[in-house]
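Below: the structure, in structure tokens.
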There are 4 protein chains.
Amino acid sequence: MAPKPDVSEERKDQILEAATRVFTQRGFDDARMDDIVAESGLSKGAIYWYFDSKEAIIVAILDRIFYWETAHIQKNISSDLGAAKQLELFVQASIEEMHKIEPLMPLFFDFWTRSLRNPTINQAIKRYYQLFLEIIEPIIQQGISTGEFRPVDVKQSAMTIGAALEGTILMWAYFPKIIDFDKQFRITLDILLQGLVANELTSVRD
Amino acid sequence: MAPKPDVSEERKDQILEAATRVFTQRGFDDARMDDIVAESGLSKGAIYWYFDSKEAIIVAILDRIFYWETAHIQKNISSDLGAAKQLELFVQASIEEMHKIEPLMPLFFDFWTRSLRNPTINQAIKRYYQLFLEIIEPIIQQGISTGEFRPVDVKQSAMTIGAALEGTILMWAYFPKIIDFDKQFRITLDILLQGLVANELTSVRD
Amino acid sequence: MAPKPDVSEERKDQILEAATRVFTQRGFDDARMDDIVAESGLSKGAIYWYFDSKEAIIVAILDRIFYWETAHIQKNISSDLGAAKQLELFVQASIEEMHKIEPLMPLFFDFWTRSLRNPTINQAIKRYYQLFLEIIEPIIQQGISTGEFRPVDVKQSAMTIGAALEGTILMWAYFPKIIDFDKQFRITLDILLQGLVANELTSVRD
Amino acid sequence: MAPKPDVSEERKDQILEAATRVFTQRGFDDARMDDIVAESGLSKGAIYWYFDSKEAIIVAILDRIFYWETAHIQKNISSDLGAAKQLELFVQASIEEMHKIEPLMPLFFDFWTRSLRNPTINQAIKRYYQLFLEIIEPIIQQGISTGEFRPVDVKQSAMTIGAALEGTILMWAYFPKIIDFDKQFRITLDILLQGLVANELTSVRD
DNA sequence: GATGAATGAGGATTCATTCAT
DNA sequence: TATGAATGAATCCTCATTCAT
């Protein structure tokens with residue numbers, strides 16, 4: 001008899017995809033395990049065979065999303081390019097990613113809320129943002145070194161860029177019809193770059 | 001006989017303050033009505049006498065916060081001042097407000113999450129952000145008119161500023177030890193202003 | 001100062017009328033004291049000033065209805081008339097009473113159910129039925145004595161008549177559109193009288 | 001591995017029997033789900049696994065009783081017999097059924113009361129009474145055709161018989177010690193038959 | 001007499017999780 | 001592996017009744 005093929009990963013995918021749909025639609029707390037059972041087409045026992053608890057499913061979903069996201073973040077933007085150009089490329093890539101996970105937005109709100117009381121989720125999000133900043137920082141650093149950017153504080157400036165992008169996503173969740181996401185991202189980048197590039201004014205403040 | 005003094009506002013405050021403490025600490029979904037009962041020092045019946053449901057309580061809390069916040073947002077920043085200066089003052093005022101509601105941050109995550117499925121909460125937050133933008137826009141408009149700022153798109157630029165500030169708050173929730181809130185806000189403002197002020201470079205791109 | 005007029009009875013009426021409306025519409029168990037408060041236009045305290053409990057109100061309503069009903073039952077149907085004629089008059093009077101309390105029918109169901117566990121209500125209903133039978137019995141007795149009726153068992157025959165009328169009311173509650181109440185009552189009386197009057201057949205059986 | 005035997009019908013029976021005992025004893029509104037849990041020997045969850053709500057349980061009980069009753073009502077009383085004889089047999093069968101459901105009488109009061117506000121219960125009872133009438137009507141019809149009965153209105157006469165029997169049950173609930181159920185049923189039948197059979201008197205009235 | 005805010009025991013229902021099969 | 005019936009602690013909310021004013 002041929003060894004039974006391992007369907008573990010397949011089943012887990014099946015469950016996580018079903019759970020993602022359910023969570024997206026009803027929110028973590030309003031979603032019922034039975035909803036996931038129904039949506040997945042599996043049985044209650046099967047769900048619990050692959051995942052210890054509802055919370056474990058939530059964490060697994062987060063892991064997948066962030067693993068996937070992380071894998072796609074361009075870590076190796078060629079430093080041959082100018083810093084501004086690199087940031088542009090990075091923002092461009094971010095926009096593309098954003099559009100891919102757009103339908104999952106509701107999940108992120110739940111993750112944010114849950115991260116306050118679930119250390120695992122908190123760590124995952126933190127790591128993700130960290131990674132995000134770790135890409136921006138060297139670019140800014142390069143920009144300053146080459147004189148392309150003003151001698152700003154690298155970490156704080158990176159944080160400003162990251163915050164501006166994250167904030168745009170948040171605002172967009174409330175004004176999806178008003179905000180043209182791509183355009184807004186580019187406008188924001190434009191202003192930020194203008195604020196970073198070196199010119200005779202070192203600071204607007206006296 | 002002295003007329004019985006109306007204590008209903010007092011009671012509502014009592015309940016909302018207790019609920020705020022409970023929700024902040026345990027999150028809306030993990031909070032139990034009994035926690036609020038215990039924390040408020042009132043009875044179960046009294047809570048339900050003043051509020052129809054647990055959900056009604058969180059809506060009332062949001063209303064109070066936003067009513068209070070809204071009342072304190074400086075709408076009348078003197079237009080005698082330069083646009084950059086006005087933005088500075090606005091950010092300064094925002095920082096001060098932020099510090100006042102800092103302990104309530106966990107609640108905002110709950111608000112964000114619940115706003116996806118509770119239209120009342122959604123509207124309240126939307127209105128608040130709207131108000132926020134409506135203060136920034138005229139300042140930018142003035143800056144452009146006087147030539148102090150580049151001829152940027154007013155609405156989109158206001159959104160950039162708003163998003164940057166909101167995003168900073170979000171990031172700060174994850175890196176409270178790393179981010180010096182006040183400094184970060186000011187750095188961000190500095191970069192944004194640099195990006196808005198008029199100078200020979202119209203755009204860093206191309 | 002003129003002595004304050006006693007409004008007790010007036011208030012009690014006010015409460016009982018409101019309660020009757022509420023109970024009729026929602027049933028005893030689904031009705032809330034607050035419904036009665038609202039319907040009566042009085043305060044919670046006032047209700048409890050005049051009645052000790054919800055159950056007391058129910059009993060009071062029953063008492064009023066049965067007192068009123070009882071008072072209207074024709075006890076002194078002239079025995080100068082034939083027994084059949086007397087029964088006819090009695091049924092005629094019953095029909096008229098029925099129409100008066102028709103809107104209260106739902107209450108009777110509640111009374112019936114409650115009488116199983118509330119001795120006071122049970123006694124009241126029992127007394128009422130007893131009274132009913134006590135009117136019919138002498139008529140039948142008279143009919144037998146005068147030879148107008150067959151020598152049936154008086155008590156059991158009275159019960160048959162009473163049961164037929166009560167049963168008609170019950171059926172009518174389920175088939176209000178099919179049953180013409182007045183006609184049905186008269187048909188039933190007709191058959192019963194036919195069954196009671198003396199004729200050569202003493203019994204249809206054997 | 002032997003397939004797990006389907007115990008769902010068994011469980012439902014178990015629950016409905018326990019609930020019947022509880023409802024009979026305490027009445028629907030006074031009965032607590034915990035009483036049913038205790039009486040059934042199952043868990044709270046099991047009860048709710050099989051029935052959606054307390055209301056659903058009483059509906060199911062009614063359904064079973066009426067289904068069983070309906071199945072036992074003799075629809076095929078041989079028309080070779082005389083109409084009077086058929087009615088006798090029918091009443092005899094009814095008496096036997098009555099004795100079987102005698103302990104459930106208290107439930108019927110709850111059914112009657114709830115039928116006012118629960119369409120499902122209302123329909124069930126209506127259907128049952130309808131069925132009852134549909135058995136009596138053809139017998140009367142036959143009696144009239146053969147000249148055994150007077151030319152009475154079939155539907156109304158059937159209603160009279162049905163009402164008399166139902167009414168007897170109702171009265172008996174109040175005078176269980178006074179009424180000898182079987183005898184009373186037979187007396188009633190006797191009078192009704194006497195009222196239906198043809199003889200020279202067409203009507204007792206004038 | 002009258003008010004209505006306050007009480008709190010009680011109750012129906014939910015739902016994550018378990019486990020015998 | 002997989003099933004789904006069974007568990008029962010937990011939870012929100014109700015509502016008859018009370019009582020200070």
Side-chain angles (χ1 to χ4, degrees), chain A residues 4-8 11 29-37 42-57, chain B residues 1-8 10-12 15 29-37 40-57, chain C residues 4 6-8 11 29-38 42-57, chain D residues 1-8 10-12 15 29-37 40-57:
Chain A
K4 210 177 291 180
D6 185 3
V7 293
S8 280
R11 283 278 178 284
D29 283 295
D30 283 353
R32 305 291 152 231
M33 288 305 275
D34 279 321
D35 296 333
I36 299 175
V37 168
L42 296 173
S43 70
K44 191 81 78 76
I47 307 287
Y48 276 94
W49 179 265
Y50 292 105
F51 295 95
D52 285 345
S53 65
K54 188 179 173 185
E55 193 76 19
I57 294 179
Chain B
M1 195 168 71
K4 205 183 294 182
D6 184 2
V7 294
S8 70
E10 195 182 324
R11 284 279 175 286
K12 282 186 181 175
I15 293 167
D29 282 299
D30 284 350
R32 303 293 149 229
M33 288 306 276
D34 278 327
D35 296 333
I36 300 177
V37 168
S40 69
L42 294 172
S43 70
K44 192 83 76 74
I47 309 287
Y48 277 96
W49 177 264
Y50 291 104
F51 296 97
D52 285 344
S53 65
K54 192 179 171 187
E55 189 80 19
I57 294 179
Chain C
K4 212 178 289 180
D6 185 4
V7 294
S8 282
R11 283 277 179 284
D29 283 296
D30 284 353
R32 306 288 152 233
M33 289 304 276
D34 279 323
D35 297 332
I36 300 176
V37 169
L42 296 174
S43 71
K44 191 81 78 78
I47 308 287
Y48 276 94
W49 179 262
Y50 290 105
F51 295 96
D52 285 345
S53 66
K54 189 182 175 183
E55 192 77 19
I57 294 178
Chain D
M1 195 170 71
K4 205 183 294 183
D6 185 2
V7 294
S8 69
E10 194 183 323
R11 283 278 176 286
K12 282 186 183 177
I15 293 166
D29 282 300
D30 284 351
R32 303 290 149 232
M33 289 305 278
D34 278 327
D35 297 334
I36 300 176
V37 168
S40 69
L42 295 172
S43 70
K44 195 82 77 75
I47 309 287
Y48 278 95
W49 177 263
Y50 290 104
F51 296 97
D52 285 344
S53 65
K54 193 181 170 186
E55 189 80 19
I57 293 179

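Per chain, numbering begins at 1; letters A, B, ... match sequence-line order. Computed over heavy atoms, backbone and side chain alike; hydrogens, waters and symmetry mates excluded. Here the structure is a predicted model, which means the values were calculated and not measured.
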For Lys44(A), answer base if it contacts any base atom (sugar-phosphate contacts may also be present), sugar-phosphate if it contacts only those atoms, and nothing otherwise; contact means non-hydrogen atoms under 4.0 Å. base
Using atom types as modelled and distance alone, determine if a side-chain donor or acceptor of Lys44(A) lies under 3.5 Å from a backbone N or O of Met33(A). no
With the side chain defined as heavy atoms from C-beta on, Tyr48(A) is closest, among dT17(E), dT18(F), dA6(F), to dT17(E)
Does dT14(F) have its OP1 or OP2 closer than 4.0 Å to a side-chain nitrogen or oxygen of Arg32(C)? no
Counting the atoms with a prime plus P, OP1 and OP2 as sugar-phosphate, which does Tyr50(C) contact under 4.0 Å by heavy atoms, base, sugar-phosphate, or nothing? sugar-phosphate
Name the pairing partner of dT21(E), where a pair is Watson-Crick or G-U wobble with both distances under 3.5 Å, or state none. dA2(F)
Name the nucleic acid region contacted by Ala31(A), choosing base, sugar-phosphate or nothing; use a 4.0 angstrom heavy-atom cut-off, strictly under. sugar-phosphate
Along DNA chain F (nearest heavy atom to each residue), the more 5'-positioned of Ser43(A) and Lys54(C): Ser43(A)
Any side-chain N or O of Arg11(C) less than 4.0 Å from the OP1 or OP2 oxygen of dG1(E)? no
Test side chain to side chain contact (heavy atoms under 4.5 Å, CB included) applied to Asp30(A) and Asp35(A), step by step: CA-CA 10 Å; Asp30(A) 283 353; Asp35(A) 296 333; over 6 Å; no
dA16(F): pairing nucleotide in any strand, Watson-Crick or G-U under 3.5 angstrom: dT7(E)
Hey, does the side chain of Trp49(A) come within less than 4.0 Å of dT1(F)'s phosphate (OP1/OP2), counting only N and O? no
